[in-house]
Amino acid sequence: MEYSKCWLDYRPLESVEEVWLTLIVSCDGLIIESAVKEYVLAMEGMAGRKPTVTADEAAAGVRLLVDESIVSGTDGYHIIGEDGGYKIIGQSPSGVLYGVFHFLRMAANGELSQLPVENVPAMPLRMMNHWDNMDGSIERGYSGESFFYKDYEILWDERLEHYTRMMASIGINGIVINNVNVHEKETYLITDTYLQKVKQYADLFQRYGIKLYTSVNFAAPMELAGFDNCDPLEPQVAEWWKETTAHVYEVIPEFGGYLVKADSEGRPGPFTYGRTHADGANMLARALAPHGGIVIWRCFVYNCGQDWRDKKTDRARAAYDNFIHLDGCFDENVVLQIKNGPMDFQVREPVSPLFGALKKTNMILEVQIAQEYTGQQIDLCYLPPMWREILDFDTYAEGKGSTVSNIVRGAAYGQKFCGMAAVINTGNDKNWTGTDLAAANTYGYGRLAMEPAMSCETIAKEWTDLTLGAKVEKDVVDMLMKSWPTYEKYTSPLGIGWMVTPHYHYGPDIDGYEYDRWGTYHRADCNGLGVDRTPSGTGYTNQYNEPWRTIYADVEQCPQELLLFFHYIRYDYTLKSGKTLIQHIYDTHFEGVEEVEAMIAVWKSLQNRIAGEVYGRVLERMELQLANAKEWRDRVNTYFYRKSGVKDEKGRTIYE
Ligand code: GCU
């Protein structure tokens, strides 16, 4: 099977240090074996020769060792240059593996002169969530079919090993192998129907320091064992989960735990029985606890049967309203997984207020690498800058400095189970991610979960150098860095979100969701648009700590990029830039298209420096992106021209 190696494509280097070709291994175990294998593979590619692997500590070379006291955190590592050779010292075998990947990256990019390196993975949990279904489809997948499943069978081929290596190389330590929407067959993943095959995956992951998790169906006792209810306080239901879970651990002792989407978008959950999310989560947590497992419970819970006429119900409020009163009620091994924003992975949203509000609860920040609302891996949209903004957001939960990053790394409240999870963007396409450039998001996510303070530009450079080569670094990095602002410009303005084709979520349909039941309205009329979420509107702003509560509620202080999320604004309102709102909408939509045109010109200039297939594949996508951007521009501009009657002051073409 053919597939691209992405950032693990070790190409021959111009100069190689002789010492690289001796690997001294002073530790052992499965994960160390993987570290050695990675090293050997990389050297074969970069140096064209197999390195000698020895246990002889007197030899000169690159030495791998484990020293638990070396760094102050789990799975950290040091890389040092010493006595004409190098030492990669891990706090654990996983630390050695991460250190080896880091060393290889530096060797490939000619950065070893920057040693020493000292690193501790910032987030305890660095998870990937696959939304793969067992029929082979992927919910919100834009790069082919699943490489885990086909026709309700579990697949097994060498591609899985390459995938696992890629995940470990960016520091991932937990993988959920199935969609949060658990359908009929997937409910059986935790039973003997599939467990032996799931174990094969778990064993492979384990060799790379990764734990396997499954999404579970809260109603499994009903679907699998004929129960007439799945009330979490019903002792027989709890007992069923205990037995089922014990069996999972019998087969897979290293099993990570369960991910649960309950009482959300039609999925079953504790609400049916008048129970709380804490009742539901704790019941599962108690089944997992004896085995060291965790339950990850999603907070994406809202009323998806809303009436558009009702202006008081606000979907943005839902996660907070549903979970805030449960703070402190969850067992130790429960983690709440919270989407980055209060709505649903829009191109721009404020940070979920839950991060600054729950203080006695383990939390995971959920982001979406899959570009459901950000161009579906056709349009270029490099997302790490968005994630950095979220991580850097100061919630003021415990005064200044209570950033989301500090909270999800466990530094703010000392939680043990916390971190980041991402809906991954991979599929069985030859290049894994639709457009090849979308792999920068996959890569960037892992790097940020390891090192949230890393600059997104540095991440983009690393990825570009490893994947496409240093000779195109400047242009590609520039393209990546501009792409999110560009995408934002030609799609929905100033944080209002949506305006997408319903359900499919690619391309514009301004009123597509406006009169629907999903709670995603822009409320445009002839005078203006936006949702009043201040205390005189839905009151959502009150879910934030000060000073945000005041800042967001005040039109003058509210950050411009979120203005329409928080306020209803008239078209003739003058923004900080001196432009009226309507002129801002027109200008950004024209600019967005121009920026896509400029990006395509840059890509075309790289033709001779980018290997044929990648060049053509990306160009093809970019041309689709341009058509998409034009459609957005014209529909949005025409829509608001028709509503407002205000002409573009620059006289550009806006269709009537
Ligand atoms: C979005 C997405 C769904 C997904 C859901 C979730 O609504 O469109 O496909 O199931 O998020 O996160 O659970």
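Just follow the structure's listing: the first ligand is 1, and inside any ligand the first atom is 1.
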Please assess Gln543 against Tyr552 for the test side-chain hydrogen bond (donor to acceptor under 3.5 Å, both in side chains), listing each intermediate value before the final yes or no. CA-CA 11 Å; Gln543 295 184 346; Tyr552 287 148; over 6 Å; no
Of the protein's non-hydrogen atoms, which lies at the shortest distance from [atom], and what is that distance?
atom	result
atom 11 (O) of ligand 1	Lys339 NZ, 3.0 Å
atom 8 (O) of ligand 1	Glu372 OE2, 2.5 Å
atom 13 (O) of ligand 1	Lys261 NZ, 2.6 Å
atom 9 (O) of ligand 1	Glu139 OE2, 2.4 Å

Considering non-hydrogen atoms only, spot the tightest contact between Pro124 and Arg409 and give its length.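 Looking at all heavy atoms of both residues, the shortest contact is CD-O, 3.8 Å.
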Do you know which two heavy atoms are closest between Trp308 and Arg523, and how far apart they sit?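 Residues Trp308 and Arg523, closest heavy atoms: O-NH1, 2.8 Å.
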Numbering the atoms of ligand 1 from 1, which are under 4.0 Å from a heavy atom of [X]?
X	value
Phe300	5 (C), 6 (C), 7 (O), 11 (O), 12 (O), 13 (O)
Glu265	4 (C), 5 (C), 7 (O), 10 (O), 13 (O)
Arg140	2 (C), 3 (C), 8 (O), 9 (O)

Is the shortest distance from a Lys or Arg side-chain nitrogen in Arg275 or Glu234 to a carboxylate oxygen in the other one below 4.0 Å?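 Here Arg275 does not pair with Glu234 in a salt bridge, since their nearest N and O are not under 4.0 Å apart.
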So, are Asp344 and Lys339 salt-bridged, with charged N and O less than 4.0 Å apart?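 Judged by the 4.0 Å cut-off on N to carboxylate O distance, Asp344 and Lys339 do form a salt bridge.
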Applying a heavy-atom cut-off of 4.0 Å, say which part of [X] lies close to ligand 1: side chain, backbone, both or neither.
X	answer
Asn179	neither
Val423	neither
Trp131	side chain

For the atom pair OH (Tyr213) and CD1 (Ile175), what is the distance rounded to the nearest 0.5 Å?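 Going from OH on Tyr213 over to CD1 on Ile175, the span is 10.5 Å.
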Distance from Leu383 atom CG to Phe345 atom CZ, nearest 0.5 Å?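 Answer rounded to 0.5 Å: 11.0 Å.
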If you measure from atom 1 (C) of ligand 1 to every heavy atom of Val180, Asp344, Val301, which option wins on shortest distance?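 It is Asp344 that holds the nearest heavy atom.
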Yes or no: does Gln368 have any heavy atom under 4.0 Å from an atom of ligand 1?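 Judged by the 4.0 Å heavy-atom criterion, Gln368 does not count as contacting ligand 1.
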Sub-4.0 Å heavy-atom contact, Arg298 with ligand 1: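 Contact present.
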Glu366 N/O under 3.5 Å from ligand 1 N/O: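 It does not: no N or O of Glu366 is found under 3.5 Å from an N or O of ligand 1.
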Judged by modelled atom types alone, do Asp379 and Asn628 share a side-chain donor-acceptor pair under 3.5 Å?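 Their side chains do contain a donor-acceptor pair, which is all the 3.5 Å distance test asks for.
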Does Arg617 have any side-chain hydrogen bond (donor to acceptor under 3.5 Å, both in side chains) partners at least two apart in sequence or in another chain, and if so, which?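 Listed in chain order: Asp436, Glu613.
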